[in-house]
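Only one structure is covered here, and it is reproduced in the block below.
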2 protein chains.
Amino acid sequence: MLSKKTKYGIKALTFIAKQDKEVKVQIATISKEENISHKFLESILLTLKKAGVLGAKKGKGGGYYLIKEAAQVKMTEVIRTLEGPIAMVPCVSLNFYEKCSDCPDEETCAVHKLMIQVRDNTLHVLRNTTLADLV
Amino acid sequence: MLSKKTKYGIKALTFIAKQDKEVKVQIATISKEENISHKFLESILLTLKKAGVLGAKKGKGGGYYLIKEAAQVKMTEVIRTLEGPIAMVPCVSLNFYEKCSDCPDEETCAVHKLMIQVRDNTLHVLRNTTLADLV
DNA sequence: CATAATCCTACTATTCCGATAGGGTAAATG
DNA sequence: CATTTACCCTATCGGAATAGTAGGATTATG
C-alpha cells in the first residue's frame, strides 16, 4: 500500500507543476485545493526540498517551486524519497538492500525470484514516468 | 512491503510443490525447514486451504497438499489471498476497489493515473507466474 | 481409546502511519 | 526596523495493522 505521505507528495508536485515555472506555490494553497492537512503537507514538502526536487523561498510572496523541469522529475526519485524502497522485499531492493534474516540462500529463494520480476516491471514504469506525464 | 504472512505462504507452497503429488506435508516439517514459526504458519496454511489452493488431511499421516497442478496456481491468487489487494491504492484495485475519501475526481487524479500503470505491470508478472515457475 | 495431526478463537506485544501541537527561524514589505 | 508571512524543526499521540502466542476443539489413524 502506498502511504498517504507519498500520495499527498505526488498530488502536491503535480499541483506545483501545473503552475507557471516562476510561480511560488504556498503550502496553504495546496492544502486547501487538495484536501491535505496543512502541517502534514508541510513536512512532506520539506522532505522533497531536502531531496533536491523542490526549491523554496521564504517570506512574503514565498512558497515552493520546481527546481528542474517537470519532465526531468522521475517517479522513481519521488517515491524513493517519500516511500522508501520500491521493491516489495528488502533483499531485492537496489537502493535499500538488506539481507532477509530468515532466508539462508537468496539464490534458491522463491520469493526472491518472484519479487525481482515484480520490481523490474515496476521500475520500468516509474523510471519512464515523469511529473510532466501526470499533469 | 510484502508481509511476512505472504512471504511465508509462498515459501510453504513451493516447499509443498517440490514433493511428489500425493505426499502430505506437515506444518512441523515446513516450519523446521523454512524457519517459520509453527503457529503462525498454521494460520497461513489454513487460509490457503480455505481459498482452495491447498487441501488438508487431519490425523496421523495427515498434512497439506496441492489441490491443483503447480502450473495452475497463479501468483495473483496466492497474493490476493494472503496479502490482499495487488494495487498500491484502493481506487485502482480490481478485486478490492474502494473510493479514496480525499480525492474528488479519479479521472483527473495523478496518483490514480500512475498507479494504474504500476498495477497493470505487476499484474502481468503475477498472472504469468505460477507455482511451477518458482520451484 | 491413544495419538497425531489439523482446525478454530481469542489475545497480546510491537511497530508504523497519519496527524497534531507548538513553537523557532528567516526573509520580504512598508 | 518592525511586522507580516512563510519556512523549519521537535515532540507527541491515538489507531490500525503485523507478527506471533496460547489453548483448546475436532478429526483421522492404528
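Counting heavy atoms from C-beta on, the side chains of B:Val53 and B:Thr47 never come closer than 4.5 Å.
The NZ-C1' distance, from A:Lys39 to C:dC17, rounds to 19 Å in whole Å. B:Leu54 has its CG atom 14 Å from the C1' atom of C:dC7, to the nearest Å. A straight line from NZ of A:Lys11 to P of C:dG18 spans 13 Å, rounded to a whole angstrom. Following rounding to the nearest Å, B:Lys4 (NZ) and C:dT14 (P) show an atom-to-atom distance of 16 Å. Rounded to a whole Å, the CD1 atom of A:Ile44 is 11 Å from the C1' atom of C:dC17.
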Pairs under 3.5 angstrom, nitrogen or oxygen only, protein versus nucleotides 1-6 of chain C, please.
from, atom 1, to, atom 2, distance (Å)
C:dT6, OP1, B:Ile27, N, 2.9

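Checked for salt-bridge contact, A:Asp102 and B:Lys11 meet the test: a charged N lies under 4.0 Å from a carboxylate O.
Residue B:Lys50 is classed as a sugar-phosphate contact, given heavy-atom separations below 4.0 Å to backbone atoms only.
With B:Thr130 contributing its side chain and B:Lys74 its backbone, the two residues share no donor-acceptor pair below 3.5 Å. Between the side chain of B:Asp120 and the main chain of B:Gln117, no donor-acceptor pair closer than 3.5 Å is present. Side chain of B:Thr129 to main chain of B:Val125: a donor-acceptor pair is present (N/O by atom type, distance under 3.5 Å, no hydrogens or angles). For B:Lys24 (side chain) and B:Glu22 (main-chain N/O), a donor-acceptor pair under 3.5 Å exists by modelled atom type. Using a distance-only test at 3.5 Å, with no hydrogens or angles considered, a donor-acceptor pair links the side chain of A:Arg119 to the main chain of A:Val92.
Side-chain contact annotation: A:Ser3 with A:Glu83, donor-acceptor N/O pair under 3.5 Å present.
With a cutoff of under 4.0 Å to any heavy atom of chain A, the contacted region of DNA chain D is bounded 5' to 3' by D:dT5 to D:dC9.
Between C:dT20 and A:Ser37, a contact under 4.0 Å exists linking OP1 or OP2 to a side-chain N or O.
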